[in-house]
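Following: one structure in structure tokens, then a few remarks.
All values below come from the heavy atoms of this structure, side chains included, with hydrogens, waters and symmetry mates left out. Chain letters run A, B, ... following the sequence lines, proteins first, then strands; residues in each count from 1.
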Amino acid sequence: MTAPAYNFAYLDEQTKRMIRRAILKAIAIPGYQVPFASREMPMPYGWGTGGVQVTASILGPDDTLKVIDQGSDDTTNAVSIRKFFTKTANVRTTTATIEATVIQTRHRVPETPLSEEQVLVYQVPIPEPLRFLEPRETETRRMHALSEYGLMHVKLYEDIARHGHIATAYAYPVQVDDRYVMDPSPIPKFDNPKLDDCPALQLFGAGREKRIYAIPPYTRVVSLDFEDHPFEAYRHDAACELCGASDSFLDEVITDDDGNRMFVCSDTDYCEQRRALGHGPYNAAPADPQGSSHTGASPTEPA
Amino acid sequence: MTTPDTDTPLLIAKGLTKYYGRQLGCRDASFELYEGEVMAVVGESGSGKSTLLQLLSTQIEPSSGSVTYRMRDGSLADLWRMSEPARRFLLRTDWGYVHQDPQLGLRMGVSAGGNVGERLMAVGARNYQDIRATATDWLGRVEIPHDRIDDTPRSYSGGMRQRLQIARNLVTAPRLIFMDEPTGGLDVSVQARLLDLLRRIVAEMRIAAIVVTHDLAVARLLSNRIMVMKGGEVIEAGLTDQVLDDPHQPYTQLLVSSILPA
Ligand SMILES: Nc1ncnc2c1ncn2[C@@H]1O[C@H](COP(=O)(O)OP(=O)(O)O)[C@@H](O)[C@H]1O
Ligand SMILES: [Mg+2]
Ligand SMILES: [Zn+2]
């Protein structure tokens with residue numbers, strides 16, 4: 001027998017068609033959770049089998065795939081998924097955001113602005129934003145159907161009552177196209193504004209929970225808040241100690257056994273691209289390739 | 001605010017009937033309720049009180065009969081011809097529903113302030129300070145200390161939970177409140193305090209109420225009018241004092257004499 005052991009991108013064509021139908025429905029009803037018959041994938045659920053199934057269903061031989069896990073291309077999870085598609089679909093892979101046509105992500109949105117040519121696929125552990133306060137699925141479905149979203153604000157109220165401010169830092173709820181309230185997956189709320197009016201198609205896949213939802217390009221996405229406690233896209237008040245970026249989401253990493261810490265870009269590709277362009281730490285000597293740092297502004301920022 | 005209209009009924013029940021399969025729940029109940037009026041529904045266990053209350057509050061659909069409600073704009077609405085969103089909106093704004101078991105009427109994992117504020121947020125309140133101020137005011141009105149506002153009802157006593165449930169329901173100034181055995185399961189002294197509070201608030205806010213109770217003392221204390229149920233049917237109705245002091249039906253006489261010994 002010379003037939004391959006599995007179909008292009010692992011899933012059989014019938015399964016992919018079923019998933020594509022769910023994706024089309026999700027695009028037609030922005031933010032609405034479409035049930036789909038999630039398949040077993042040769043990896044554990046925690047590894048983003050929902051995202052993997054969505055990626056497998058939209059991937060073509062000419063695509064270039066990037067896989068990120070918390071902003072990084074080289075965690076075990078990201079490497080495994082990239083290998084999986086190299087092996088089963090033989091697609092080109094990349095770590096550069098601008099080169100990718102399909103980006104599968106866990107817990108981050110790239111810093112580099114996305115384009116109309118790109119699709120961002122999110123891995124989602126828990127798709128239902130109302131579950132925290134209303135565990136009954138029949139009730140949450142009815143709340144979505146009737147736009148009864150008071151409960152979502154109860155969650156934010158509780159946050160403020162307990163912490164003095166909206167302490168929700170990840171999976172911060174949004175309202176899509178002025179209609180459905182949606183969980184953007186556990187991305188930091190710093191990333192929420194990137195979902196709004198984004199030129200790329202955004203797809204969300206939850207494998208264990210068997211749900212797919214979507215934000216079509218250029219859709220209005222609003223983070224929920226109170227008038228007197230407005231949404232804020234939080235980041236550490238610091239610059240990346242590798243590339244000097246003061247606009248990126250930062251991770252605080254421990255650098256040695258003495259517990260010394262430093263802030264670095266969570267998006268490793270963004271950080272590397274900046275360094276390749278000659279950007280360096282804010283306090284270091286100017287690394288401007290043209291040597292034209294006469295503006296008085298940060299010497300590491302491009303003019 | 002709407003000016004109270006005392007000439008037109010607030011709620012009209014006509015021939016309300018409910019069968020659970022072949023089991024009769026409630027048959028042919030008809031009555032009118034006016035603004036600010038408190039109606040008690042009494043009868044022994046299994047007589048159809050809860051069924052009637054759930055029919056009136058549109059939680060179960062009648063096998064036959066209708067419920068008409070006068071909306072805030074004065075129009076009369078047949079509740080089962082209304083869309084589901086409109087009905088649910090009515091339920092959480094112009095109506096209240098107090099369960100016997102406060103766990104069914106409260107969010108046990110949410111703070112008292114959040115419990116009271118939920119209805120406000122559901123109708124679009126988006127100012128945290130305002131919501132909190134209103135919740136604080138309501139906790140005071142149901143005699144819950146202000147410093148318990150951020151505690152969840154899990155840490156509350158039974159009586160406090162029931163008072164919190166009342167505040168949660170009344171925060172949108174409803175015109176009608178349904179109560180199913182609101183004092184059931186509470187100690188006698190706790191019951192007395194809750195009854196006092198209910199009577200005062202209902203009178204102050206001029207809320208109409210339908211109170212289901214098997215306790216005639218509760219009916220006497222709270223209600224203007226009373227309906228006595230037996231085997232799914234209303235067998236006697238009238239002004240509470242008249243019915244309890246001079247019951248016509250033998251069954252009512254039995255109820256009165258056994259529970260309210262002279
Ligand atoms: N969900 C139900 N299914 C079947 N029978 C029911 C149901 N609820 C109530 N009943 C029956 O309807 C009658 C009236 O019950 P209910 O309205 O609960 O009375 P009460 O509240 O006065 O105790 C009883 O015979 C009861 O067994
Ligand atoms: Mg009952
Ligand atoms: Zn950096």
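Chosen from B:P85, B:G117, B:S111, B:A125, the residue pairing most often with chain A at heavy-atom distances under 4.5 Å is B:S111. Highest contact tally toward chain B, considering only A:L156, A:D225, A:L146, is held by A:L146 [criterion: heavy-atom pairs under 4.5 Å].
If you measure heavy-atom distances from A:L224 to chain B, you find no contacts under 4.5 Å at all. Heavy atoms closer than 4.5 Å to chain A are found in the side chain of B:R92, but not in its backbone. Residue contact with chain A, scored on non-hydrogen atoms closer than 4.5 Å, involves the backbone and the side chain of B:N127 alike. Residue A:I160 touches chain B through both its backbone and its side chain, counting heavy-atom pairs closer than 4.5 Å. Only the side chain of A:H229 comes within less than 4.5 Å of a heavy atom in chain B; its backbone stays farther off.
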>> A:R142 vs B:E84, test: side chain to side chain contact (heavy atoms under 4.5 Å, CB included). Steps then yes/no.
In response: CA-CA 10 Å; A:R142 181 174 281 134; B:E84 194 192 3; 2.9 Å; yes
*asked:* side chain to side chain contact (heavy atoms under 4.5 Å, CB included), that's the test. Do B:D150 and A:R162 meet it? Break it down for me.
replied: CA-CA 7 Å; B:D150 293 329; A:R162 239 169 252 159; over 6 Å; no
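Note that the CE atom of B:M121 and the CZ atom of A:F226 stand 5.0 Å from one another [nearest 0.5 Å].
Taking 4.5 Å as the limit, some side-chain heavy atom of A:L151 sits within range of a side-chain heavy atom of B:R107.
Counting all heavy atoms, side chain and backbone alike, B:G109 lies closest to A:E158 at O-OE1, 4.3 Å.
Residue-environment remark: CZ (A:F231) exceeds the threshold of 12 foreign heavy atoms within 6.0 Å. By the neighbour-count criterion of 12 heavy atoms within 6.0 Å, atom CD of A:E252 is densely surrounded, having more than that number from other residues, nucleotides or ligands. The environment of A:I126 atom CD1 is sparse: at most 12 non-hydrogen atoms of other residues, nucleotides or ligands sit within 6.0 angstrom.
The backbone N or O of B:A122 sits nowhere less than 3.5 Å from a side-chain atom of A:E148 that would complete a donor-acceptor pair.
Between B:R88 and A:E139 there is a salt bridge, with a side-chain nitrogen of the basic residue lying less than 4.0 Å from a carboxylate oxygen of the acidic one.
Ring orientation note: the planes of A:Y157 and B:Y128 are tilted relative to one another, at an angle of 30° to 60°.
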